[in-house]
Amino acid sequence: MAVYENQSDMFKQRAEKDKKAGDSYYAQAMDAKGRGDDKEYKSLMAQAQHYYKSQKENEEKARKNQGKSW
């Protein structure tokens, strides 16, 4: 189980994980595009976009919860 200093820290860490996952899916999507696999590209790009959206949401939550404790 992860230990967080406060709510903001929790959301920041989630955002960082989402960014890493999004970057990974984006790289895989670009690789699939290079191979000419459009179906795989679209699927992987959709996953990347999901993680990037989640990253932005968690960054916003981190800002809103700045200074709050448990």
(message) A side-chain contact here means heavy atoms from C-beta on lying under 4.5 Å apart; do K56 and E59 qualify?
(response) yes
(message) Could you report the tightest heavy-atom contact between S69 and Q7, atom names first, then the distance?
(response) O-NE2, 3.7 Å
(request) Rounded to the nearest 0.5 Å, what's the gap from CZ on F11 to CD on Q66? Could you check? (result) 12.0 Å
(request) Report, as yes or no, whether the 6.0 Å neighbourhood of atom OH on Y52 holds more than 12 heavy atoms from other residues, nucleotides or ligands. (result) yes
(request) Would you please say whether a donor-acceptor pair under 3.5 Å links the side chains of S43 and Q47? (result) no
(request) Check D31 against R35 and note the closest heavy-atom contact, atom names and distance. (result) OD2-NH1, 2.6 Å
(message) Check this for me, if you would: do D18 and R14 make a salt bridge, where the nitrogen-to-carboxylate-oxygen distance has to be below 4.0 angstrom?
(response) no
(request) Considering non-hydrogen atoms only, spot the tightest contact between A48 and G22 and give its length. (result) CB-O, 3.6 Å
(message) If you compare all heavy atoms of Y41 against all heavy atoms of K33, which two are closest, and at what distance to 0.1 Å?
(response) CD1-CB, 3.6 Å
(request) Quick one: closest heavy-atom pair of S8 and A62, and the distance? (result) OG-O, 3.1 Å
(message) Taking atom CD as the centre, does E5 end up with more than 12 heavy-atom neighbours from other residues, nucleotides or ligands that are less than 6.0 angstrom away?
(response) no
(request) Search all heavy atoms of Q55 against all heavy atoms of A15 and return the closest pair with its distance. (result) CG-O, 3.6 Å
(request) Enter the distance from M45:CE to K42:NZ here, rounded to the nearest 0.5 Å. (result) 11.5 Å
(message) Distance check, rounded to the nearest 0.5 Å: R63 atom CZ versus N58 atom CG?
(response) 10.5 Å
